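Single-structure report; data block below.
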Protein chains: 2
Amino acid sequence: MNNAFISDEQTLDNAGIRVTAVRLMVWRQVRHGFSDAFSLADLEAALPTVDRSTLFRTLTTLTDAHLLHLIDDGTGSQKYCVCPEGDTHHCGGHVHFTCLTCHRTFCFTDIHIPVVPLPDGFEARETEYVVKGICSSCRKG
Amino acid sequence: MNNAFISDEQTLDNAGIRVTAVRLMVWRQVRHGFSDAFSLADLEAALPTVDRSTLFRTLTTLTDAHLLHLIDDGTGSQKYCVCPEGDTHHCGGHVHFTCLTCHRTFCFTDIHIPVVPLPDGFEARETEYVVKGICSSCRKG
DNA sequence: CCGTTTTCTGCAACCGGGTTGCACGCGCGG
DNA sequence: CCGCGCGTGCAACCCGGTTGCAGAAAACGG
């Protein structure tokens with residue numbers, strides 16, 4: 001098989017999860033249908049024939065399989081994002097951007113979060129850096 | 001009157017809101033009873049005799065009056081924090097810390113958020129910087 | 001090829017935080 | 001003294017997330 005192009009079926013199979021109709025629909029949607037981070041509600045709207053709890057569990061499955069990662073963008077509703085292919089374990093530590101106009105969330109995977117010194121006694125485990133503003137397509141539009 | 005000490009009643013009055021029994025209870029609680037950021041649930045637990053929606057509306061009133069400010073700490077549940085007195089309009093732009101053990105959220109008002117360059121076309125309006133880790137009292141304990 | 005077992009899916013219900021509608025009550029002003 | 005407005009309590013709702021359960025579908029083993 002050709003490594004330069006891996007089919008959606010093979011991606012799921014490689015991740016160690018069973019390939020089912022729903023999972024394939026979900027993966028194709030999130031892989032090709034969304035340009036950036038998405039919520040469960042987005043997925044529901046895109047695939048109205050599939051039950052919400054099934055979508056939820058499918059997202060959990062894909063996240064556990066390191067095909068997606070979870071973003072805590074501070075809106076209270078959790079967002080998912082496709083992990084960069086082949087590098088499924090380095091999804092954290094980068095800056096996120098939430099557009100105040102279109103409410104989309106973007107991963108800036110190449111901008112990493114600057115570290116600030118904390119007061120004595122405070123120990124950092126992970127950091128969220130979320131910029132809210134206007135995204136490039138909303139500014140152009 | 002003495003500027004060095006303003007009574008709770010006067011604080012509310014100065015902010016332009018009517019002084020009522022509930023508002024006084026709430027203000028005293030958040031002003032003297034909580035050491036850091038708190039949620040509506042915290043307030044409910046501290047003042048069980050007051051109705052939840054009343055507490056919610058009171059918090060909204062106090063926030064509108066710039067006596068409190070809202071923190072988006074990424075947990076999905078919104079937190080409130082007492083604004084530094086006399087400087088009620090500069091509550092944003094600083095680092096927050098959420099303890100993974102005791103789930104308290106702290107305002108580090110003197111640590112301001114470092115700025116990162118964004119890709120072309122993206123315009124920043126506000127930034128959330130939330131560190132998750134272990135707070136000093138949980139580490140000592 | 002059939003029966004068993006495991007997994008996946010859909011439906012319904014639940015949960016918690018946030019929010020709103022409505023009615024009562026108190027206080028202030030005419 | 002009457003009425004209006006604001007504050008409060010109660011109940012209900014909304015929304016996103018989550019779980020229990022039962023039926024369908026896929027894998028497994030003979």
Side-chain angles (χ1 to χ4, degrees), chain A residues 8-9 11-13 15-30 34 37-65 67-81 98 103-105, chain B residues 8-9 11-13 15-30 34 37-65 67-81 98 103-105:
Chain A
D8 294 325
E9 289 88 343
T11 306
L12 297 186
D13 196 51
I17 61 176
R18 298 232 299 246
V19 179
T20 68
V22 170
R23 288 176 182 172
L24 213 45
M25 283 175 70
V26 169
W27 179 245
R28 290 203 165 121
Q29 178 63 38
V30 306
F34 293 132
F38 59 93
S39 66
L40 175 59
D42 295 331
L43 191 57
E44 257 190 285
L47 301 175
T49 60
V50 186
D51 185 71
R52 178 155 55 125
S53 59
T54 300
L55 292 178
F56 170 74
R57 286 189 266 236
T58 303
L59 288 177
T60 305
T61 302
L62 293 177
T63 304
D64 289 347
L67 293 173
L68 298 177
H69 75 280
L70 206 49
I71 306 173
D72 186 2
D73 70 349
T75 60
S77 81
Q78 56 201 38
K79 299 256 172 80
Y80 300 82
C81 191
T98 299
H103 301 109
R104 285 190 292 170
T105 294
Chain B
D8 294 326
E9 290 88 343
T11 306
L12 297 186
D13 196 51
I17 60 176
R18 295 233 298 247
V19 180
T20 68
V22 170
R23 286 176 184 173
L24 214 44
M25 285 174 68
V26 170
W27 179 244
R28 290 203 165 120
Q29 177 63 39
V30 305
F34 293 132
F38 59 92
S39 65
L40 175 59
D42 296 330
L43 192 56
E44 257 189 285
L47 301 176
T49 60
V50 187
D51 185 71
R52 177 154 56 127
S53 60
T54 301
L55 292 178
F56 170 74
R57 286 188 267 236
T58 303
L59 288 177
T60 305
T61 302
L62 294 177
T63 304
D64 290 347
L67 293 173
L68 298 178
H69 76 280
L70 207 49
I71 306 174
D72 186 1
D73 71 347
T75 60
S77 81
Q78 56 200 38
K79 300 258 173 79
Y80 300 83
C81 191
T98 300
H103 302 109
R104 285 191 292 170
T105 294

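The chains referred to below are lettered A, B, ... by the order of the sequence lines, with proteins before strands, and numbering in each begins at 1. Bear in mind that the values here come from a model prediction, so they are computed numbers and not experimental data.
A heavy-atom distance below 4.5 Å is not found between the side chains of B/E9 and B/R23. Residues A/T49 and A/M25 form a side-chain contact, since some pair of their non-hydrogen atoms from C-beta on lies under 4.5 Å apart. Counting heavy atoms from C-beta on, the side chains of A/T20 and A/L12 never come closer than 4.5 Å. A/L59 is listed as a side-chain neighbour of A/F38, based on a closest heavy-atom distance under 4.5 Å. Looking at B/I71 and B/Y80, their side chains never come closer than 4.5 Å, going by heavy atoms from C-beta outward. A/L62 has its side chain within reach of A/I17: a pair of non-hydrogen atoms, C-beta onward, lies under 4.5 Å apart.
As a whole-Å value, the separation of B/W27 CH2 from D/dG7 P is 17 Å. As rounded to whole Å, 11 Å separates atom P of D/dT8 from atom CE of B/M25. Going from atom CG of A/D51 over to atom P of D/dT19 covers 15 Å, rounded to whole Å. Rounded to whole Å, the distance from CG on A/L55 to C1' on D/dG17 is 13 Å. If you measure from atom CZ of A/F38 to atom C1' of D/dG16, you get 16 Å, rounded to the nearest angstrom. With rounding to whole Å, A/D64 atom CG is found 12 Å from D/dT18 atom P.
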Please produce a list of atom pairs where a protein N or O lies less than 3.5 Å from an N or O of nucleotides 5-8 of chain C.
residue: C/dC8; atom: OP1; partner: A/R23; partner atom: NH1; Å: 2.8
residue: C/dC8; atom: OP1; partner: A/R23; partner atom: NH2; Å: 2.9
residue: C/dC8; atom: O5'; partner: A/R23; partner atom: NH2; Å: 3.3

Polar-atom pairs under 3.5 Å, protein N or O versus N or O of nucleotides 17-19 of chain C: list them with distances, or write none.
residue: C/dG18; atom: OP1; partner: B/Q78; partner atom: N; Å: 2.9
residue: C/dG18; atom: N7; partner: B/R52; partner atom: NH1; Å: 3.0

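The CG atom of A/L43 lies 8.0 Å from the OG1 atom of A/T58; values are rounded to the nearest 0.5 Å.
With no hydrogens or angles considered, a side-chain donor-acceptor pair links A/S39 and A/D42 at under 3.5 Å.
With hydrogens and angles left out, the side chain of B/R57 and the base of D/dG9 share a donor-acceptor pair within 3.5 Å.
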